[in-house]
Amino acid sequence: MNRGPTWFNVASVTAGFAFLYLPIVILVVYSFNESRLVTVWAGFSTKWYVALFQNQGLLDAAWVTVRVAFVSATVATVLGTMAAIVLIRAGRFPGRTLFSGMIYAPLVMPEVITGLSLLLLFVAMNFARGFWTVLIAHITFSMCFVAVVVQSRLVTFDRSVEEAALDLGCPPLKTFFQITLPMILPAVISGWMLAFTLSLDDLVIASFTTGPGATTLPMKIYSQVRLGVTPEINAVCTILIGIVTTGVVAASLITKRQEMERQRAERLAVAEA
Amino acid sequence: MADRQPASASRKTFAPWSDPSAEPFIVFDNVTKRFGDFVAVNNVSLNVYEREFFSLLGPSGCGKTTLLRMLAGFETPTEGRILLDGQDISTIPPYRRPVNMMFQSYALFPHMSVADNIAFGLKQDKMPKPEIEERVADMLRLVKLEQFAGRKPHQLSGGQRQRVALARSLAKRPKVLLLDEPLGALDKKLREETQFELMDIQENLGLTFMIVTHDQEEAMTVSDRIAVMDHGVFVQVATPAEMYEYPNSRYVADFIGDINIIKGTIKSTANGAVTLETEDAGTLVVHQAMDAIPGTPAYIAIRPEKMQVISGVSQNQIDGEVWDIAYLGDLSIYHVKLPSGAIVKASQTNVTRLIERPITWEDDISLTFAPDAAVVLLD
């Protein structure tokens with residue numbers, strides 16, 4: 001029955017990928033457009049990238065975004081990992097259901113509501129809005145994603161490995177840092193990367209919670225697009241796509257190589273035995 | 001160990017449990033462990049002596065692992081005390097107990113090399129580095145893994161991982177080594193070899209071993225004494241030979257080895273002999289000092305190898321028909337159907353080649369057993 005793909009297979013795959021990636025390809029292609037008009041091709045040029053690095057507003061926004069993303073991802077990873085450990089390890093403590101519900105609520109909460117409620121909180125507390133409020137908001141909503149990722153790793157974690165460390169004289173906290181953390185590190189790193197990406201491309205929550213001097217890149221792009229799309233925006237987006245793609249491809253290559261290395265070692269061990 | 005020494009002479013006379021002046025090394029004092037409504041260990045008391053190889057044997061869920069984990073410190077007794085070398089350790093956390101455990105899953109640290117796994121416990125004790133290196137080298141030599149020191153656990157075979165786990169748990173020279181189904185994941189041949197290695201290591205290092213297993217052959221091979229557990233209590237605590245020859249209940253008789261159990265009622269007890277009336281095999285006599293009212297229901301337990309195929313005896317003759325023969329090479333097990341329909345097993349060593357079977361299917365044969373070869377059980 002192996003007769004290769006039919007015309008229907010080819011057509012549906014082509015249409016599917018075109019639907020997903022054609023807009024991105026067009027965006028990237030037009031970032032190298034000579035013309036100011038987004039819809040008219042007038043030859044290859046990198047002048048919009050040059051213009052981009054002279055646009056102080058965009059650069060400031062990018063710097064704010066990277067700082068927010070880095071710090072919020074790091075804090076969210078610490079808190080999310082702790083939450084995951086409590087959920088998996090603490091057994092049935094009073095209020096566990098409430099606790100897990102509250103951890104997961106931001107996953108399904110519409111962003112507008114999260115943003116609005118945080119805004120109301122900051123206003124009520126008379127908290128000056130800006131970098132710190134965006135940071136707190138991003139930690140709040142990305143923490144639960146980290147908790148989910150780390151939790152799924154902890155479910156399959158063999159606890160006797162930790163017990164072995166305790167048994168050999170290692171106190172609980174030291175056991176966590178020397179045994180547990182290195183073993184769940186891939187999940188923690190994925191959680192961090194997820195939180196970083198979520199923070200990087202968040203528009204809604206940042207718009208609600210930001211203040212003067214803390215405009216993030218998505219907000220800046222959005223406000224500029226309302227005045228008309230310039231190829232400069234295409235250039236920014238192309239750079240962002242480039243960074244994300246490099247990260248994803250590198251991560252998957254590393255995982256794949258480790259997996260192959262591990263399988264090879266296991267085959268060797270079995271062959272020797 | 002290829003150059004295995006026979007078990008030393010000291011082993012022959014090693015029986016501190018029968019010496020009333022001997023100080024027990026591990027004491028379980030009326031220990032109970034409950035998980036919610038479930039009673040895992042029910043008011044258990046036990047003395048284990050220094051240098052003893054002690055087995056906890058029982059089906060899964062009988063509480064043997066819980067008992068071991070209480071000794072390691074991973075569970076705290078709900079009631080009762082656990083003493084180690086005279087000290088109450090019930091509330092001491094696992095990382096401060098002079099006890100080490102070898103886990104069923106081996107629980108090796110996957111991100112550390114074999115040498116680092118073995119050194120882990122020594123580093124916790126802040127042992128000087130040269131000493132750690134020396135001890136790790138000793139341990140690697142003990143388990144014959146010298147050339148694997150730099151490997152990670154996933155680069156080892158199952159048998160090698162088992163050795164690393166053993167070396168790691170022995171590295172700190174614990175007063176007591178706890179082994180939770182240590183050989184469960186090995187194939188039969190490797191398991192048998194490793195049993196003897198474990199015995200040698202225990203003997204040479206002079207340690208107290210406490211092992212949990214569900215494999216009665218393993219328990220019989222390695223142990224000085226065995227405790228058979230069921231539903232959180234000890235059914236019998238005895239040496240392997242005592243347990244095999246004098247089980248105290250049908251449960252133990254059935255759990256250890258193969259046995260025929262014939263139901264009956266006590267007819268008389270006199271002069272160290274018990275006479276029973278059985279439906280399956282008529283009147284049977286067993287030499288056993290026993291005090292019981294005639295009419296009490298009881299069971300005769302007799303091992304298949306103690307059954308003889310013979311006729312023309314006056315006592316304990318059981319007539320039947322050969323129903324099935326299991327030829328195992330060294331011996332054959334005859335399943336004999338009695339007139340009542342009950343089946344008893346008799347095993348015979350095949351001292352000649354079985355070209356022409358002296359006994360074959362559907363032969364009418366008679367079995368007998370010596371009156372002191374069986375035991376009478378009330379329970």
query = Can you say whether B:Arg69 sits under 4.5 Å from chain A via the side chain, the backbone, both, or neither, judging by heavy atoms?
reply = side chain

inquiry  = Can a side-chain donor-acceptor contact be found between A:Ser142 and A:Ser199 if the only test is distance below 3.5 angstrom?
reply    = no

message = Could you check whether A:Phe145 and A:Trp192 have their ring centres less than 6.0 Å apart?
response = no

Side chain / backbone / both / neither for B:Leu108 at chain A, heavy atoms under 4.5 Å = backbone

ask   = In terms of heavy-atom pairs under 4.5 Å with chain A, which of B:Lys123, B:Met112, B:His111, B:Arg96 leads?
value = B:His111

task = Side chain from CB out, backbone as N, CA, C, O: work out which of these in A:Glu162 comes under 4.5 Å of a heavy atom of chain B, or both, or neither.
result = neither

query = Contact part of B:His154 toward chain A, heavy-atom cut-off under 4.5 Å: side chain, backbone, both or neither?
reply = both

query = Going by distance alone, is a donor N or O of one side chain under 3.5 Å from an acceptor N or O of the other, for A:Lys174 and B:Gln124?
reply = yes

key: Centroid-centroid distance, B:Phe209 to B:Phe54, less than 6.0 Å   = no

remark   = From the list A:Thr175, A:Asp158, A:Ile179, the residue making the most non-hydrogen contacts under 4.5 Å with chain B is A:Ile179

query = For A:Thr216 and A:Thr65, does a side-chain donor sit closer than 3.5 Å to a side-chain acceptor?
reply = no

